[in-house]
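Report on the following structure.
Each chain gets a letter, A, B and so on, in the order its sequence line appears, and its residues count up from 1.
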Amino acid sequence: MNIFFLPESKLRNLIETLMGRGRLFWTRQKEKSITIEEVDEEYIGDYKIPDLRSYDTFKNFILPLRSKVAEYPDEKWEDIEETPEKTVLFGLKACDVIGIGLLDKVFLDDPDYIDPFYKKRRESLILISSDCSSVKESCFCDLLGNTPYVSSGFDINISPVSEGYLLEAGTDIGNEILKELSLSKADKKLIKERDNSREKVAKNLKKQNTKYEKPFAKDLSDIVKEGYESSEGWALGSTCVSCGACTNICPVCYCFTLFDRVDTEGKKSKRFMVWDSCQYKGFSQMSGGMNPRFPMMERFKNRYYHKFFRFHDRYSEYKCTGCGRCIDNCLGGIDMREVLANIKILETISG
Amino acid sequence: MDNIYYPRDAVLTDIKEETPTIKTFCFKLDEPLFFKAGQFMQLTIPGLGEAPFTPSSHPGKLTEMEITILRTGRVTDALHYEVKVGDHLGLRGPFGKGYPLDKFKGKDVLIVGGGVGLAPLRSLIYAIFDRIDDFKKISICYGAKTPEDQCFTDEFKEWEKKPHTSLHLTLDRPHPDWEGTVGLVPCLLEKDIIGVDIKNSYVVSCGPQIMLKFVTYKLLEVGFKPEQIYLSMNRRMSCGLGKCARCNIGPYYLCKDGPDMCYADIMDYPNVFE
């Protein structure tokens with residue numbers, strides 16, 4: 001794989017070239033928060049790639065909060081033919097890229113049902129990722145076997161080095177864009193520098209999460225499955241208020257519901273795919289009053305059960321990137337690491 | 001574009017009243033639709049939404065479909081009170097696996113239904129009657145609250161006439177002239193009533209969750225093994241594609257892996273009968 005050097009002064013060129021490829025959204029440090037917003041042309045000169053992941057996720061670009069999936073204009077259902085606009089997402093971190101890969105497994109890689117809307121949106125995206133250059137308290141990608149940098153899943157990856165950036169293409173489109181920029185190849189020294197800083201961040205992350213290493217080395221799917229009835233660990237969920245912040249902010253929580261409504265003239269019926277959350281009481285409420293996950297704790301457990309057991313059972317991967325956004329946003333102050341680390345598998349008495 | 005959220009057009013051709021709270025809705029389809037008994041459909045009322053139902057009609061009828069529905073919620077209320085013959089509704093599906101009929105070959109089949117739960121079983125009963133020599137005894141057990149709450153009563157005589165088939169009924173609150181069994185469905189499952197060879201049989205059951213629970217316990221008590229019991233599990237569903245993630249039991253998505261589950265597969269997971 002070819003790695004190119006982009007001098008600090010030419011970051012503007014990269015951004016402008018990318019803007020020619022579609023509507024560009026970048027992550028930007030704003031006061032204490034890293035936001036995702038549309039590029040501000042006047043700010044390009046001062047722009048710095050944030051060290052960390054954004055506060056929000058990029059999920060909304062691929063799996064919008066609400067999207068129309070069918071229409072019933074007049075006694076007949078009609079297909080929706082909409083082509084999403086080309087969009088460049090700039091500043092994704094490893095956890096964001098991995099998250100998109102996990103969503104792809106659900107909506108694209110299922111041989112039985114490919115979601116046509118997801119597919120179109122996904123194909124309209126150009127993903128520009130960048131290495132993490134520091135660590136947030138809630139970060140735990142390392143505990144799930146990931147690193148604060150990625151080697152695939154992006155169109156272009158950016159690694160900060162002294163006086164500039166190293167750019168690496170991950171796809172044909174990425175290569176094409178890099179060619180347009182006519183950059184020189186990075187020398188070995190810079191690549192060594194990149195590897196060193198990557199290692200440094202990874203080390204800091206490892207240090208921060210040392211106390212969770214042992215429990216996370218176990219099979220997490222086994223822990224949530226066999227430890228389902230355990231009272232430890234789960235008890236930390238007692239402060240949950242079922243607000244759904246954790247699932248909404250999660251880059252890989254994709255539960256949704258199909259929702260129909262009539263337009264204001266009372267004629268056209270439309271079907272929407274809307275985000276839902278397994279943390280809401282109504283999520284599995286049936287007509288007739290039955291609800292298998294009525295108690296809060298059942299819903300709380302379900303989120304872990306789905307992420308680490310059910311999803312793993314089907315896709316052989318955990319449905320978690322370790323981005324820690326659910327930890328940052330929990331009103332009850334619940335730390336996923338603490339919950340998983342404290343679940344005890346009850347010893348079964350044999351014979 | 002192959003839109004998986006888009007329903008096909010289904011014209012309502014007839015509405016039959018089965019009981020005061022249950023009606024059978026008959027649909028005509030433009031194109032043939034293949035489904036296996038036990039697979040379910042998402043029925044749309046335009047503008048109101050979808051709800052999952054298993055057809056009650058013969059799976060071999062490809063351009064007609066009957067769905068028998070109890071009035072119990074938002075969509076079903078509208079079906080009972082608002083839609084008219086000639087209306088265009090929508091259907092998505094079929095979803096799920098359907099009953100594993102081939103597995104039942106050469107065995108006795110015990111069919112246990114309660115209330116509107118007989119609807120999907122009726123489709124299965126038709127499918128079984130089509131190849132009745134593949135099976136040994138067919139024993140149909142059905143319970144309802146009152147005589148007025150029984151579905152498909154006009155077909156019972158015909159069912160009983162089929163070779164090696166028997167029908168056993170129970171009512172919770174019968175009329176004074178009722179001579180049959182009185183009580184909930186599990187009371188039909190005494191060894192001497194059902195008349196099947198327990199060791200060489202399969203059971204299929206559909207009904208309210210609470211009934212499934214006690215039917216299962218009763219079946220285990222009289223000697224059935226969990227591997228022999230197939231239950232039509234109830235969960236809320238939306239997508240039907242194993243994605244929206246609300247219909248799970250353990251690792252299974254009922255919309256994709258079920259909705260008829262072998263009890264042996266699900267018994268060890270949490271909240272099976274909750």
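Of the atoms belonging to B:Phe273, not a single heavy atom falls under 4.5 Å from chain A. No part of B:Asp87 comes within reach of chain A, as not one of its non-hydrogen atoms sits under 4.5 angstrom from that chain. Using a 4.5 Å cut-off between heavy atoms, A:Cys255 touches chain B through backbone and side chain atoms alike. With a threshold of 4.5 angstrom between heavy atoms, A:Phe311 does not approach chain B through any atom at all. For chain A, the nearby part of B:Arg92 is the side chain; its heavy atoms alone come within less than 4.5 Å.
Across A:Asn302, A:Asn291, A:Ile114, A:Asp110, the residue that shares the most heavy-atom pairs under 4.5 angstrom with chain B is A:Asp110. With chain B as partner, the option from A:Leu258, A:Asp313, A:Asp112 having the largest number of non-hydrogen pairs under 4.5 angstrom is A:Leu258. Contacts with chain A were tallied for B:Asn248, B:Ile4, B:Leu48; B:Asn248 has the most, counting heavy-atom pairs under 4.5 Å. In terms of non-hydrogen atom pairs under 4.5 Å with chain A, the most contact-rich of B:Cys247, B:Gly242, B:Pro7, B:Pro208 is B:Pro7. Each of B:Gly250, B:Ala51, B:Gly73 has some count of heavy-atom pairs under 4.5 Å with chain A, and the biggest count is that of B:Gly250. With respect to chain B, the highest number of heavy-atom pairs below 4.5 Å among A:Lys301, A:Arg261, A:His312, A:Gln285 belongs to A:Gln285. Here B:Tyr6 is the residue among B:Tyr6, B:Tyr252, B:Tyr269 with the most heavy-atom pairs under 4.5 Å with chain A. Contact count against chain B (heavy-atom pairs under 4.5 Å) is highest for A:Arg293 among A:Arg293, A:Lys270, A:Lys225, A:Met273.
The backbone N or O of A:Phe283 lies less than 3.5 Å from a partner atom in the side chain of B:Arg246, making a donor-acceptor pair. The main-chain N or O of A:Gly282 is found under 3.5 Å from a side-chain atom of B:Arg236 such that the two form a donor-acceptor pair.
Taken to the nearest 0.5 Å, the CG atom of B:Asn3 stands 9.0 Å off from the CZ atom of A:Arg271. We find the CG-OH distance between B:Asn271 and A:Tyr228 to be 4.5 Å, quoted to the nearest 0.5 Å. To the nearest 0.5 Å, the span separating CZ on B:Arg235 from OG on A:Ser284 amounts to 8.0 Å. Separation of atoms CE (A:Met286) and CG (B:Asn234) is listed at 6.0 Å; rounding is to 0.5 Å. Note: B:Ile45 CD1 to A:Tyr72 OH = 11.0 Å, rounded to the nearest 0.5 Å.
Residue A:Phe294 places its CZ atom among 12 or fewer non-hydrogen atoms of other residues, nucleotides or ligands, all under 6.0 Å distant. Annotation for A:Lys119: atom NZ does not count as buried by contact number, only 12 or fewer foreign heavy atoms lying within 6.0 Å.
With contacts defined as side-chain heavy-atom distances shorter than 4.5 Å, the pair B:Pro46/A:Asp260 does not qualify. Contact of the B:Glu274 side chain with the A:Met290 side chain is not registered, since no non-hydrogen atoms from C-beta on lie closer than 4.5 Å. B:Lys243 has its side chain within reach of A:Phe256: a pair of non-hydrogen atoms, C-beta onward, lies under 4.5 Å apart. Between B:Cys239 and A:Tyr113 there is no side-chain heavy-atom pair separated by less than 4.5 Å.
In this model, a donor atom of one side chain and an acceptor atom of the other lie less than 3.5 Å apart for B:Tyr5 and A:Asp115.
The heavy-atom pair separating B:Ala245 from A:His306 by the smallest distance is CB-CE1, 3.7 Å.
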